[in-house]
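The first residue of the sequence shown is numbered 1, and numbering continues consecutively from there. All values reported here derive from a predicted model rather than from experimental measurement. Quick note: numbers below take in every heavy atom, side chains included, and nothing from hydrogens, waters or symmetry partners.
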Amino acid sequence: MSASYENEKAQDQASLDRPSSAEKGVMNEYAVADEKYHFDAADLDRVQRKLRQRHVQMIAIAGTLGTGLFLGSGHALAGAGPAGALIAYALVGTVAYSSLCAVGEMTSHAPISGTFPHFAARWVDPALGFATGWNYFYTNLMAFPVEITAAAILVTYWDPNPHHAAIYTAIVAVLVCVINIFGVRWFGESEFVFSCIKLALITGLILVGIIIDLGGGPNHQRVGFRYWKNPGAFARAGLVHGNETTDKFLGFLSVIVQAAFSFQGMELVAVAASETSSPRRNIAKAVRRVFYRIVIFYILGVLVTGMLVPYNDTDLLQATGNAAQSPYVIAMTRAGIKTLPSIVNAAIFTSAFSAGNSFLFCASRVLYGLSLRGQAPKFFTYCTKGGLPIYSVLFCSLFGLLSFMNISNGGATVFNWLVNLTATGGFFSWLSINFTYIFFYRGFKAQGLDRKKLVYHSSLQPYLAYWGIFWNALFILINGFAVFWGFTASGFLTSYINIPIFVGLYLFWKIWKRTKVWKPSEMDFVTGIPSLEETEEELIPPTTIWGKIGAVLF
């Protein structure tokens, strides 16, 4: 960590607090685009680039490692079996990677506020940008209280008293809000620490899992791949009783959504681009490393999970919400390890806290970007002198109160229903990212611009984007397929109502503003986009051994 601080000290304080090029010459409190003077809203962006390289790299490396992997992998194992879960996570991993490559390349060209919703409005259709932005906003907004609830539930591992739930919920909610209110630098520092903990946790769990599997636990029982043989590599969904193969395939499909939740959030580095120092260089570095992160942490983690516990284990089917349901903790307990489970629960708690922190950050910055370009109330563009969109942060923080609904049974039912409404929100965001990239690619080509001159570009494009479009569209359609085997109106609505909501948002803005789809020759790749010289600081090569190690890690 000291190496990264050395590099930061090498940058002078003026550079640290330097506004983005979009801020120059604009000192009004409210950012209002005035067509009469041909102002572009991007020129009025007042956030500041305070996230350093180590912040961005650690957010990118461990930003999506959360309860979806540590606890959700148990549900995936129970639903599809070890092979089914592994295939599901691998497939969704390729789709997540396609989306990150697409948004990474577009951000490399335009590291500005509003991120991919603004890209959709700028290069596809303003109506698509409106729908994408509001979809991503309310998806993150609802995920924020969900993670607060998850963190509070994790405390019950040590204190099962239900009367204390409100106290733990309040403490977590207040701390998350305070970190975001203090500004992006505090957010970056907190995420850096949490990411270090999460990396240590997943690395330790994989190593401990391998040791237990090979017979290195206190009971010295070697497990190997016995659970792949008995009860088997694939689990049945229990929907089709006559055809075992079909039922196992449905079990695999049921886990895809669970796997997607574990990966969602990778786009956070792009959302933070307007507040990142040297955004093009740092985001390019983060995107290039994500493939290895997926392989090492997700794929290897799920593989080890499937080797430790059989998919029909009764403890695996429990929904405690804390470490007791983690397949790693179950395996440790069976192997006779008594101390580590409590440590694992503490680390998962910080993971849930970190996720809530990130979702609040994302929701507030997307709302700020929408407001900046006239697609949300303009007072949300207000920034403090330190570059914090304070009204956006405060408004989004209020939704943390929804987490208290889980304290009562009736409120929990309503809360879960609201959460399910946003279940496919992440798929729509990934779909929009890849769809926007196709237009971006066509526009660059039509206007004679060279993608290869960007700080980051993917040699696999545009094929990766088409891959992402196909699978995300399919994921949206199969999200609630199980409801057709036991149809209920509420189940159907919570699974598929996000489709008419997204379409409704698009048509609302399309009709009201009479927007049009941009032709490749009409796309604006210039206005309000800072040059390399305006965003990228001089790269100072490390001179010490610790500095060189830090450069590799961060």
Side-chain angles (χ1 to χ4, degrees), residues 91-112 114-136 260 263-264 266-267 269-271 273 280 283-284 287-288 290-291 366 369 373 424-477 499 502-503 505-507 509-510 515-527 529:
L91 172 61
V92 176
T94 64
V95 179
Y97 181 65
S98 71
S99 304
L100 191 63
C101 287
V103 75
E105 188 168 318
M106 292 186 291
T107 303
S108 180
H109 174 69
I112 55 180
T115 186
F116 61 89
H118 174 58
F119 299 157
R122 185 168 187 146
W123 299 321
V124 183
D125 184 342
L128 180 63
F130 178 81
T132 299
W134 280 99
N135 168 78
Y136 192 64
F263 282 102
Q264 285 175 9
M266 283 187 174
E267 63 282 349
V269 288
V271 174
R280 292 177 166 99
I283 291 174
V287 174
R288 290 189 181 105
V290 76
F291 175 78
V366 172
R373 292 168 177 88
T424 57
F427 293 139
F428 273 104
S429 296
W430 287 356
L431 178 64
S432 297
I433 287 172
N434 285 288
F435 188 74
T436 300
Y437 180 82
I438 297 300
F439 277 72
F440 171 83
Y441 182 89
R442 290 170 54 205
F444 250 56
K445 190 173 182 179
Q447 296 185 26
L449 301 173
D450 188 0
R451 292 172 44 249
K452 295 182 179 179
K453 291 184 179 180
L454 296 174
V455 175
Y456 171 79
H457 75 277
S458 173
S459 58
L460 297 177
Q461 294 287 18
Y463 309 107
L464 268 181
Y466 286 118
W467 175 265
I469 289 173
F470 171 78
W471 284 108
N472 279 300
L474 185 61
F475 292 163
I476 291 170
L477 294 176
I499 297 176
F502 189 89
V503 174
L505 287 170
Y506 175 81
L507 293 177
W509 200 255
K510 185 82 174 173
T515 64
K516 66 175 183 177
V517 176
W518 298 112
K519 296 178 181 178
S521 59
E522 297 174 339
M523 296 177 189
D524 183 0
F525 293 109
V526 178
T527 307
I529 297 176

Peer 1: Tell me, please, which residues at least two apart from Tyr441 pass ring pair (Phe, Tyr, Trp, His ring centres under 6.0 Å).
Peer 2: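 With neighbours one apart ignored, the set is empty.
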
Peer 1: For Ser429, which residues count as a side-chain hydrogen bond (donor to acceptor under 3.5 Å, both in side chains) partner, sequence neighbours excluded?
Peer 2: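 Result, side-chain hydrogen bond (donor to acceptor under 3.5 Å, both in side chains) vs Ser429: Asn135.
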
Peer 1: Minimum heavy-atom separation for Gly443 to Met523, with atom names?
Peer 2: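 The answer is CA-SD, 3.6 Å.
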
Peer 1: In terms of relative ring orientation, are His109 and Phe440 parallel, tilted or perpendicular, with 30° and 60° separating the classes?
Peer 2: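 Correct class here is tilted.
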
Peer 1: Run the ring pair (Phe, Tyr, Trp, His ring centres under 6.0 Å) test against Tyr463 and tell me which residues pass, sequence neighbours left out.
Peer 2: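 If we apply the ring pair (Phe, Tyr, Trp, His ring centres under 6.0 Å) test to Tyr463, skipping adjacent residues, there are no hits.
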
Peer 1: Within the structure provided, determine whether Phe444 and Leu454 are in side-chain contact (heavy-atom separation under 4.5 Å).
Peer 2: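 The answer is yes; the side chains approach within 4.5 Å.
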
Peer 1: Less than 4.5 Å apart, any side-chain heavy atom of Pro520 and any of Lys445?
Peer 2: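 In short, these two side chains do not touch, never coming nearer than 4.5 Å.
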
Peer 1: Scan for salt bridge (charged side-chain N to carboxylate O under 4.0 Å, His left out) pairs involving residues 91-100, sequence neighbours excluded, and state none if there are none.
Peer 2: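 Listed by first then second residue: nothing to list.
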
Peer 1: Mind listing the closest non-hydrogen atom pair of Thr132 and Ser432 along with its distance?
Peer 2: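 It is OG1-OG, 3.1 Å.
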
Peer 1: My understanding is that only residues two or more places apart in sequence, or in another chain, count here; which of them pass side-chain hydrogen bond (donor to acceptor under 3.5 Å, both in side chains) with Thr515?
Peer 2: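 With neighbours one apart ignored, the set is Asp125.
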
Peer 1: Testing the basics here: between Val526 and Arg122, what is the closest heavy-atom pair and its distance to 0.1 Å?
Peer 2: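 Minimum heavy-atom separation between Val526 and Arg122: C-NH2, 3.9 Å.
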
Peer 1: Using side-chain heavy atoms (C-beta onward) and a distance below 4.5 Å, is Val366 in contact with Trp134?
Peer 2: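 Contact flag for Val366/Trp134 side chains = no.
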
Peer 1: Ring pair (Phe, Tyr, Trp, His ring centres under 6.0 Å) with Trp509: which residues, sequence neighbours excluded?
Peer 2: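 For Trp509, the residues satisfying ring pair (Phe, Tyr, Trp, His ring centres under 6.0 Å) (neighbours in sequence not counted) are Phe130, Trp512.
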
Peer 1: Tell me, do Tyr466 and Ser98 make a side-chain contact under 4.5 Å, heavy atoms counted?
Peer 2: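 No, every pair of side-chain atoms sits at 4.5 Å or beyond.
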
Peer 1: Would you give the length of the straight line joining atom CG of Leu474 to atom CD1 of Ile469, rounded to the nearest 0.5 angstrom?
Peer 2: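 Output value for this atom pair is 13.5 Å.
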
Peer 1: Could I get the full list of salt bridge (Lys or Arg N to Asp or Glu O under 4.0 Å) partners for Arg451, not counting sequence neighbours?
Peer 2: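 Expected list: Glu105.
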
Peer 1: Applying side-chain hydrogen bond (donor to acceptor under 3.5 Å, both in side chains), name anything that partners Thr115, two or more places apart in sequence or on another chain.
Peer 2: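 So Thr115 forms no side-chain hydrogen bond (donor to acceptor under 3.5 Å, both in side chains) with any residue.
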
Peer 1: Heavy atoms only: give me the nearest Val455-Ser108 pair and the separation to one decimal.
Peer 2: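 Shortest heavy-atom separation between Val455 and Ser108 comes out as N-OG, 3.4 Å.
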
Peer 1: Mind checking the CZ-CG spacing from Phe428 to Leu505? Nearest 0.5 Å is all I need.
Peer 2: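 Taking CZ in Phe428 and CG in Leu505, the distance rounds to 10.0 Å.
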
Peer 1: Kindly compute the distance separating CD1 (Ile433) from CD1 (Ile438), expressed to the nearest 0.5 Å.
Peer 2: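 Rounded to the nearest 0.5 Å, the CD1-CD1 separation comes out at 13.0 Å.
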
Peer 1: Is any side-chain heavy atom of Phe119 closer than 4.5 Å to one of Thr107?
Peer 2: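 A side-chain contact under 4.5 Å exists here.
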
Peer 1: Within this structure, what is the OH-CG distance for the pair Tyr506 and Leu128, rounded to the nearest 0.5 Å?
Peer 2: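 If we round to the nearest 0.5 Å, Tyr506:OH and Leu128:CG are 7.0 Å apart.
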
Peer 1: Please name all residues satisfying ring pair (Phe, Tyr, Trp, His ring centres under 6.0 Å) with Phe435, sequence neighbours left out, ordered by chain then number.
Peer 2: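 By the ring pair (Phe, Tyr, Trp, His ring centres under 6.0 Å) rule, Phe435 matches Phe439.
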
Peer 1: Considering non-hydrogen atoms only, spot the tightest contact between Tyr437 and Pro462 and give its length.
Peer 2: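 Answer, listing the atom of Tyr437 first, then Pro462: CE2-CA, 4.2 Å.
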
Peer 1: For Leu91, what residues pass the side chain to side chain contact (heavy atoms under 4.5 Å, CB included) criterion, not counting sequence neighbours?
Peer 2: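 Per chain and number, Leu91 pairs via side chain to side chain contact (heavy atoms under 4.5 Å, CB included) with Thr94, Phe252, Ile256, Trp467, Trp471, Phe475.
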
Peer 1: Please report the interatomic distance CG(Asn434) to CG(Leu100), rounded to the nearest 0.5 Å.
Peer 2: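 Nearest 0.5 Å value for the CG-CG distance: 10.5 Å.
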
Peer 1: Could you measure the distance from the OG atom of Ser458 to the CG atom of Leu464? Nearest 0.5 Å is fine.
Peer 2: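 Going from OG on Ser458 over to CG on Leu464, the span is 5.0 Å.
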
Peer 1: For Lys516, which residues count as a salt bridge (Lys or Arg N to Asp or Glu O under 4.0 Å) partner, sequence neighbours excluded?
Peer 2: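 So Lys516 forms a salt bridge (Lys or Arg N to Asp or Glu O under 4.0 Å) with Glu522.
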
Peer 1: Apply side-chain contact (heavy atoms from CB on, under 4.5 Å) to Thr436 and Phe116, showing your working.
Peer 2: CA-CA 8 Å; Thr436 300; Phe116 61 89; over 6 Å; no

Peer 1: I'd like to check the side chain to side chain contact (heavy atoms under 4.5 Å, CB included) partners of Lys453; sequence neighbours left out, ordered by chain and number.
Peer 2: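 With sequence neighbours excluded, Lys453 shows a side chain to side chain contact (heavy atoms under 4.5 Å, CB included) to Asp450, given in chain and number order.
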
Peer 1: Could you pull out the closest heavy-atom pair between Pro126 and Trp518, with the gap in Å?
Peer 2: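 Taking every non-hydrogen atom into account, CD-NE1, 3.7 Å.
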
